[in-house]
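Okay, structure first, notes after.
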Amino acid sequence: MGKSPASTYLDKTKNSVDEVRQKLKLKQIEARNNFKTSFPKANQLLLDKGMDLEKVRDYSGKLLATTLLTGSLLLAGPTGAKPLPSPIEIQEKINKDTKDNGVPVQKRLIEALRDVVPERARPLSREEEKLLEQTFENTMGVKARATLEGEHLNTTYGYIGAEQHLRRYPGDVNENHNTGSQTVLKEGMAPGLGAWGYFAPSKEKLTPELVETEKWYAVVQTLYLKDWARRQPHLRNWYKYRKVLIVNTLNGNAVVAAIADSGPAAWTGKHFGGSPEVMEYLGGPRYKKGPVILFFVDDPDNKVSLGPVEYNKIDANSLVEVTNI
Amino acid sequence: MSQIFWDQYLDLDDINREIIQISSSTDERDELSQIVDGIIHHRLMSCILGNLEEADHEEFLLMFAKAPHDQNLTEFLKDRIKSDFVQLIKLEVEKIRQEILSFLHLS
């Protein structure tokens, strides 16, 4: 008896993956052997230092975690030589221009970010992160933290890239994600499921909250967390739908999103991903990649809504007074 | 963040898309991504050492082992390698891209 079209497709996919895996592994062995044969002394020196090139990302991640923890990271870049402004200085500047001259908060925030955020994405020091946490809380009213409950991503400042829609339940199709924006539909549907599978077991069980979760979802590199494998299932549960504040450092647009997938691969030149809706809000219909700050939202009572943070609508008189910082 | 200083020259999004397309689970996707990562690191290190004077190998490797993310490594290599270091890396990345894409397209 012949196979059903579905099982034929699955078999073909499986064969393809196995074939690709085998070829990639052979390529990997070839690259490793060529390195060892051509540069035996270099290979030995790295091994003596405890570094296996295959696992250099783990090695680097551990080093970075230690240096960030002890504050001993040497930071090169535009803010390296110049002392950081204090949160009070930043807030005074934002308040003054906004209240006295009617300048939108967002415009002032972008200028303030230029004094704090380095031009090229790199790990932020704890001092820089704390300054940004306070600035975001004071201007946007969102309590966001680089480290929450002891968890910290490998980076909080990096490039975000466009992701596709995720299948929310079995049988979900791209057209069901129509929110009136052609750009958002154009991204299409991801071929696989997100890291936490379907959002709901069926269309009937898809709640409005889960619709919002997929609509405003973010992707972070949990696969490169140094303790990811060791601290299961705690980390997997902790990151599932965890709210994050994403701020476009070039235009100040901000959105609260929920983590719903892992990635992107480090060799894509990106560090985070955003749903079509997240990307459209952060940078417009043609926005595919750009620098952002990404912090966890401290929201134990689940009061912060997913979606755009429209802080320009905040009444200037309600901005935090510098004396309250 | 760049965990490795050469990350800034990696932009292999098309390979990532192909891997996502063929993977049936996140675990499978991550596994293939990690293999690609291993290929890249060995190839780029070979490319660098192959173009760097042997007398400079130890100094570079000690710097690399101390802080693989350090952007000063780029400056060191720009200074010590006679040819255009950035161009060399970009060419090697492009070769890796073509080779891996050929597997993915043949599958």
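Letters A, B, ... are given to chains in the order of the sequence lines, protein chains preceding strands, and every chain is numbered from 1.
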Residues Thr268(A), Asp11(B); criterion side chain to side chain contact (heavy atoms under 4.5 Å, CB included); working and verdict: CA-CA 4 Å; Thr268(A) 58; Asp11(B) 183 9; 5.5 Å; no

Looking at Gln22(A), I'd like to know if its CD atom is crowded, meaning that more than 12 non-hydrogen atoms belonging to other residues, nucleotides or ligands lie closer than 6.0 Å. no

Please say whether more than 12 non-hydrogen atoms of neighbouring residues, nucleotides or ligands are located less than 6.0 Å from CD in Glu30(A). yes

Please report the C-alpha distance between Phe103(B) and Glu19(A) in whole Å, then the side-chain angles of each, then the deciding distance to 0.1 Å, and finally whether the side chain to side chain contact (heavy atoms under 4.5 Å, CB included) criterion is met. CA-CA 9 Å; Phe103(B) 300 159; Glu19(A) 198 182 333; over 6 Å; no

So which part of Ile19(B) gets closer than 4.5 Å to some heavy atom of chain A, the side chain, the backbone, both or neither? side chain

Contacts with chain A made by residues 40-65 of chain B (heavy-atom distance under 4.5 Å), listed by residue number: Ile40(B), His41(B), His42(B), Arg43(B), Met45(B), Ser46(B), Leu49(B), Gly50(B), Glu54(B), His57(B), Glu58(B), Leu61(B), Leu62(B), Phe64(B), Ala65(B)

Rounded to the nearest 0.5 Å, what separates atom [atom1] in [X] from atom [atom2] in [Y]?
X	Y	atom1	atom2	value
Glu31(B)	Leu24(A)	CD	CG	9.5 Å
Ser60(A)	Ile4(B)	OG	CD1	4.5 Å
Leu63(A)	Asp70(B)	CG	CG	11.0 Å

Part of [X] lying under 4.5 Å from any heavy atom of chain B:
X	answer
Leu53(A)	both
Lys55(A)	neither
Ser262(A)	both
Leu193(A)	backbone
Lys49(A)	side chain
Lys270(A)	side chain

Are any of the side-chain nitrogens in Asp7(B) or Arg57(A) under 4.0 Å away from the carboxylate oxygens of its partner? yes

Decide, yes or no, whether a salt bridge links Arg29(B) with Asp261(A) under the criterion of side-chain N to carboxylate O below 4.0 Å. yes

Most chain B-contacting option - heavy-atom pairs closer than 4.5 Å, from Met51(A), Lys25(A), Lys27(A): Lys27(A)

Who among Gly192(A), Ser38(A), Ala42(A) has the most heavy-atom pairs with chain B under 4.5 Å? Ala42(A)

Minimum-distance pair of heavy atoms, taken over all atoms of Ala265(A) and Asn16(B): CB-OD1, 3.8 Å

Of the non-hydrogen atoms in Gln28(A) and Gly38(B), which two are nearest, and what is the gap between them? NE2-CA, 4.3 Å

So Ser24(B) and Val17(A), side chain to side chain contact (heavy atoms under 4.5 Å, CB included) or not? Walk me through it. CA-CA 8 Å; Ser24(B) 58; Val17(A) 175; 5.6 Å; no

Heavy atoms, side chains only, cut-off 4.5 Å: are Gln71(B) and Arg120(A) in contact? yes

Quick one: do Thr26(B) and Trp196(A) satisfy side chain to side chain contact (heavy atoms under 4.5 Å, CB included)? Show the steps, please. CA-CA 9 Å; Thr26(B) 316; Trp196(A) 287 273; over 6 Å; no

Is Trp267(A) reaching over with its side chain to a backbone N or O of Asp13(B), donor-acceptor style, under 3.5 angstrom? no

